[in-house]
There are 2 protein chains.
Amino acid sequence: MPEREVRISRAMLARLPFYYRTLAARARAGNTKISSAQLAASLSMDSAQVRRDLSSIGEFGRPGIGYNVPELLEALEEMLGLRNRTEAVLVGVGRLGAALFGYPGFEAYGLRIVSLFDSDPERIGAELDGALIRSVSEIPHVVRRLSIQMGIITTPPTSAQEIADMLVEAGVIAIWNFAPVSLSVPPGVMVRDEDLAAGLSYLSRHLTGTMHAARPEQE
Amino acid sequence: MPEREVRISRAMLARLPFYYRTLAARARAGNTKISSAQLAASLSMDSAQVRRDLSSIGEFGRPGIGYNVPELLEALEEMLGLRNRTEAVLVGVGRLGAALFGYPGFEAYGLRIVSLFDSDPERIGAELDGALIRSVSEIPHVVRRLSIQMGIITTPPTSAQEIADMLVEAGVIAIWNFAPVSLSVPPGVMVRDEDLAAGLSYLSRHLTGTMHAARPEQE
DNA sequence: TAGATTGTTAATCGATTAACAATC
DNA sequence: TAGATTGTTAATCGATTAACAATC
């Protein structure tokens, strides 16, 4: 059979996890069908956009009926790469790093953090939930030996670039960066910046704007 | 003087924190000037876009010279609402909630988490970094009395909507939602979804893709 | 059959990039 | 003055929305 040409725009890729969420909840509720209009409604979006997005990942809908939830869910899992087991190392076991390491939600997404690193002598050698915290100097050795492809950076911004370089040098090709700094990496390596401050300023702006505008409670 | 009409697109608003980051680093390094080309280079973007974005928030550049770093930084702070002190409450003191509460980065952005809530009897009454963890039943009272405008939700997805309703009812108009579920709120209330899973699938997809493509190390 | 709903084409809207006159 | 660099206009590109024939 011919390979289906799948064009996923950046904007659409950002929407897929939301479809996934909603469909997973539907599936748990025992529903097997959902229409683009229903899906759109629960995500406050346009039904035409839902149909367009879903049609571009395959043909899972039937006119007059709607979409088959389990089928669509499976396709989305495939599409989002949730089927793959991904092993990652985490560098910087501060509060945020510890929170991510213990976050139960990742398991469902196939992510397993297999090794922890820090540069603070106080932390090196200690354990977190039974996992040993290693010195960053061991990164090259461990990453190479376990063929790790993903690195999670939760260090202070000042050392993030240095850590990124070490990870890439050792074979990592995907970096999830929580440090508030822009990393430069060679082509072929993908960086995802998780910018908490960006989310915050988005909301702050709303608060400021609202203060000058009409009070919201008197609709 | 006439009010300057400021049109900020959604996409541009998402870029502003990155400009801010870069300029703040420049300012710390003692630089007072920066060109659109330099700024673009450190963020791997197009210089035309930088100029377009910056020109739409004001006239801080001088042809032949570049932009005045301190001036621009100040304008961005204003624009991003970083000047405003924002007080927030946090609901759900699990690992993620605790990490956010202790995150030192927020202080610089004007955010202060003034109260913690949880529904787990084991946690209620306990302290985190000297702050008392209150029962969620106290949300209406506390939020109203302190006139809190922002709520941070780090509860499990099942209770997130219920908490959102309580917060909104008590007067909150901005919700920072870390629970992996879509919240429905009345108009006038803004929700920012921080979707960790989305970032993860973005990277996972790259890993899968790469396995089928050419090995990246042999550029 | 009649009603519902998809997948897709065409129309609209918005965002990015290129080019350049104006300015330092 | 000559070289550098902005702010903005015009051209391109991409994404969203509307509309509807095809299908169940």
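A note on names: the letters A, B, ... follow the listed sequences, proteins ahead of strands, and every chain is numbered from 1.
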- Pairs where residues 91-106 of chain B contributes a residue and the test salt bridge (Lys or Arg N to Asp or Glu O under 4.0 Å) is met, not counting sequence neighbours: A/D129-B/R95
- Do any of residues 13-24 of chain B sit with a heavy atom less than 4.0 Å from DNA chain D, and if so which? none
Side-chain donor/acceptor pairs under 3.5 Å, residues 103-115 of chain A, sequence neighbours excluded:
from, atom 1, to, atom 2, distance (Å)
A/S115, OG, A/R134, NH1, 3.4

- Identify, with sequence neighbours excluded, every residue that meets salt bridge (Lys or Arg N to Asp or Glu O under 4.0 Å) alongside A/R52. none
- Query: Rounded to the nearest 0.5 Å, how far apart are OG of B/S204 and CG of A/L82?
  - Reply: 6.5 Å
- Message: I need the CG-P distance between A/L72 and C/dT6, as an integer number of Å.
- Response: 11 Å
- Message: Could you tell me how far apart B/L54 (CG) and C/dT16 (C1') are, to the nearest whole angstrom?
- Response: 15 Å
- Message: Between C1' on D/dT5 and CD on B/E59, what's the gap in Å once rounded to a whole number?
- Response: 14 Å
- Message: Could you work out, with salt bridge (Lys or Arg N to Asp or Glu O under 4.0 Å) as the rule, every residue matching B/D193, not counting sequence neighbours?
- Response: none
- Message: Going by side chain to side chain donor-acceptor pair (under 3.5 Å), name the pairs with one or both residues in residues 64-76 of chain A, residues two or more places apart or in two chains.
- Response: none
- Query: Once you round to the nearest 0.5 Å, how far does CG of A/L80 lie from CG of A/L13?
  - Reply: 7.0 Å
- Using salt bridge (Lys or Arg N to Asp or Glu O under 4.0 Å) as the criterion, list what pairs up with A/R192, not counting sequence neighbours. A/E194
- Message: Please give me the minimum heavy-atom distance between B/A40 and B/D46, naming the atom from each residue.
- Response: CB-C, 3.8 Å
- Which residue lies toward the 5' end of DNA chain C, A/R52 or A/G66, if each is placed at its nearest nucleotide? A/G66
- Item | salt bridge (Lys or Arg N to Asp or Glu O under 4.0 Å) contacts in which one or both residues fall within residues 18-32 of chain A, not counting sequence neighbours | A/R21-B/D195
- Message: Using OP1 and OP2 only, check whether a side-chain N or O of A/Y67 sits under 4.0 Å from C/dG7.
- Response: yes
- Task: Could you identify which residues of residues 26-49 of chain A place a heavy atom less than 4.0 Å from some atom of DNA chain D, listed by residue number, or say none?
- Result: A/D46, A/A48, A/Q49
Show each protein N/O and nucleotides 22-24 of chain C N/O combination with a separation under 3.5 Å, one pair to a line.
from, atom 1, to, atom 2, distance (Å)
C/dC24, O4', B/P63, O, 3.4

- Item | Flag for A/Q161-A/D165: side-chain donor and acceptor within less than 3.5 Å | yes
- Message: Are A/V143 and A/V89 packed together at the side-chain level, in the sense that at least one heavy-atom pair is separated by less than 4.5 angstrom?
- Response: yes
- In whole angstrom, what separates B/R51's CZ from C/dA15's C1'? 16 Å
- Stems in DNA chain C: runs of 3 or more consecutive Watson-Crick or G-U pairs, distances under 3.5 Å? C:3-24 with D:3-24
- Whole Å only: how far is the CG atom of B/D53 from the C1' atom of C/dA15? 10 Å
- Query: Mind checking what makes ring-ring contact (aromatic ring centres under 6.0 Å, His included) contact with A/F178, not counting sequence neighbours?
  - Reply: A/W176
